[in-house]
Amino acid sequence: MKKRILLGAGASAALHKACDLASKLAQEGHEVKCVLTPRAAELVSPQLFEALTGEPAWVDEFGKSRRHGMDHIQLSQWTQVLCIAPASADLVSRLSLGLANDLLTTVALALAPGVPRVVCPAMNEHMLSSPPIVRHLQTLRKDGWRILEPGQGHLACGIEGPGRLSEPAEIAAFLLEVLG
Ligand SMILES: Cc1cc2nc3c(=O)[nH]c(=O)nc-3n(C[C@H](O)[C@H](O)[C@H](O)COP(=O)(O)O)c2cc1C
């Protein structure tokens with residue numbers, strides 16, 4: 001059944017998979033809106049996500065970029081699920097601390113309690129096993145986030161190891177399972 005999916009994306013070398021994921025979900029008939037962090041929007045233009053989904057994409061809610069009076073409220077009330085893929089180390093930390101210093105983290109905080117939320121980390125293996133990130137991922141789990149554990153394989157930093165963003169098909173299947 002058609003779902004309303006909010007896809008958030010952080011600045012990671014795995015951002016190309018977020019494009020594939022957005023495209024795949026849209027092709028499956030879901031309504032997909034995307035919010036990029038400002039850093040992610042430096043790597044890939046939100047325009048590409050708009051083209052792939054046929055929906056607007058957001059970066060921030062101030063100035064010329066805003067679309068509604070309060071985009072964080074409008075988007076948090078619209079979506080049936082929030083999926084953050086890829087989630088950088090910094091984004092995982094901000095979510096865990098409850099920071100709201102960009103549109104994506106503000107939407108995450110504004111979600112109603114029953115709305116499912118999924119985080120798909122992508123980072124270098126040392127970042128992934130660093131004590132702060134291990135701690136922050138544990139906190140997110142306790143706070144009700146579903147974590148799609150990153151896989152093992154080639155990392156953009158040139159090494160093999162854990163930290164690789166899950167494949168778009170796996171993320172899509174996980175999302176539909178979470179949505180029930
Ligand atoms: C090309 C490039 C790729 C990056 N890939 C990653 C990554 O996969 N994981 C990560 O945690 N940080 C990565 N970084 C560093 C983050 O982009 C940086 O920490 C940034 O502040 C994260 O911002 P955001 O999470 O708000 O998007 C990368 C940086 C660059 C320039």
Side-chain angles (χ1 to χ4, degrees), residues 5-22 32-50 52-53 56-63 65-66 71-72 75-76 79 81-111 117-141 143 145-172 174:
I5 298 173
L6 189 60
L7 175 62
S12 157
L15 204 43
H16 63 100
K17 289 188 185 172
C19 300
D20 288 345
L21 176 61
V32 185
K33 295 185 176 179
C34 300
V35 180
L36 307 191
T37 65
R39 288 292 198 202
E42 289 189 46
L43 295 179
V44 174
S45 168
Q47 186 178 352
L48 181 56
F49 286 88
E50 297 189 348
L52 294 171
T53 61
W58 284 255
V59 178
D60 75 49
E61 61 179 336
F62 293 93
S65 308
R66 80 183 176 87
D71 287 321
H72 65 287
L75 289 168
S76 64
T79 196
V81 63
L82 172 63
C83 172
I84 303 190
S88 68
D90 194 76
L91 190 45
V92 163
S93 305
R94 300 203 307 279
L95 291 167
S96 144
L97 291 170
L99 300 186
N101 57 356
D102 60 19
L103 177 59
L104 179 53
T105 50
T106 310
V107 170
L109 272 186
L111 281 182
R117 56 211 71 198
V118 171
V119 78
C120 307
M123 64 195 73
N124 163 279
E125 66 169 328
H126 300 305
M127 293 169 108
L128 186 64
S129 62
S130 67
I133 297 304
V134 170
R135 245 187 350 258
H136 286 312
L137 286 171
Q138 273 167 359
T139 302
L140 287 176
R141 266 187 214 98
D143 288 350
W145 286 81
R146 301 285 302 270
I147 314 283
L148 187 54
E149 299 294 341
Q152 184 97 15
H154 174 79
L155 302 176
C157 54
I159 56 170
E160 296 280 319
R164 190 179 157 85
L165 182 67
S166 304
E167 295 307 312
E170 193 188 338
I171 301 174
F174 189 70

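Atoms within each ligand, like the ligands themselves, are counted from 1 in listed order.
Considering all non-hydrogen atoms of both residues, P46 and A57 come closest at O-CB, 3.6 Å. Scanning all heavy atoms of the two residues, the minimum distance from L165 to C120 falls at CD1-O, 3.4 Å. For the residue pair D71 and D60, the shortest heavy atom distance occurs at OD2-O, 4.4 Å. Between L15 and A9, the shortest heavy-atom contact is CD1-CB, 3.6 Å.
No donor-acceptor pair closer than 3.5 Å links the side chain of S96 to the backbone N or O of V92. Using a distance-only test at 3.5 Å, with no hydrogens or angles considered, no donor-acceptor pair links the side chain of S12 to the main chain of P86. Side-chain atoms of E61 come within 3.5 Å of backbone N or O of H72 as a donor-acceptor pair. Counting only distance, with no hydrogens or angles, the side chain of K33 and the backbone of L75 share no donor-acceptor pair below 3.5 Å.
Annotation for ligand 1: atoms under 4.0 Å from non-hydrogen atoms of G10 are 27 (O). Listed by number with element, the atoms of ligand 1 under 4.0 Å from a non-hydrogen atom of R94 are 24 (P), 25 (O), 26 (O). The contact set between ligand 1 and A89, taken as ligand atoms under 4.0 Å from a residue heavy atom, comprises 10 (C), 11 (O). Atoms of ligand 1 lying under 4.0 Å from any heavy atom of L91, numbered from 1 in the order shown and given with element: 25 (O).
Checked by distance only, ligand 1 and S12 come closer than 3.5 Å through their nitrogen or oxygen atoms. Checking only distances, D102 never comes within under 3.5 Å of ligand 1, N or O to N or O. Looking at ligand 1, you'll find an N or O of S88 within less than 3.5 Å of one of its N or O atoms.
For atom 3 (C) of ligand 1, the nearest protein heavy atom lies under 4.0 Å away. For atom 30 (C) of ligand 1, the protein comes within 4.0 Å by no heavy atom at all.
The nearest heavy-atom contact from the protein to atom 1 (C) of ligand 1 is L43 CD2, 4.0 Å. Among all non-hydrogen protein atoms, the one lying nearest atom 19 (O) of ligand 1 is D90 CB, 4.1 Å. With hydrogens left out, the protein atom closest to atom 24 (P) of ligand 1 is T37 OG1, 3.6 Å, a heavy atom. Annotation: atom 9 (N) of ligand 1 to nearest protein heavy atom, A122 O, 2.8 Å. If you check which protein heavy atom lies closest to atom 21 (O) of ligand 1, you get R39 CG, 4.0 Å.
At least one heavy atom of A13 sits closer than 4.0 Å to an atom of ligand 1.
Residues satisfying the side chain to side chain donor-acceptor pair (under 3.5 Å) test with D90, not counting sequence neighbours, are R94.
Between the choices S93, A11, A9, the shortest heavy-atom distance to atom 17 (O) of ligand 1 belongs to A11.
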### Query
Should F49 and C19 be marked as a side chain to side chain contact (heavy atoms under 4.5 Å, CB included) after you check the CA-CA gap, both sets of side-chain angles, and the distance that decides it?
CA-CA 6 Å; F49 286 88; C19 300; 3.7 Å; yes
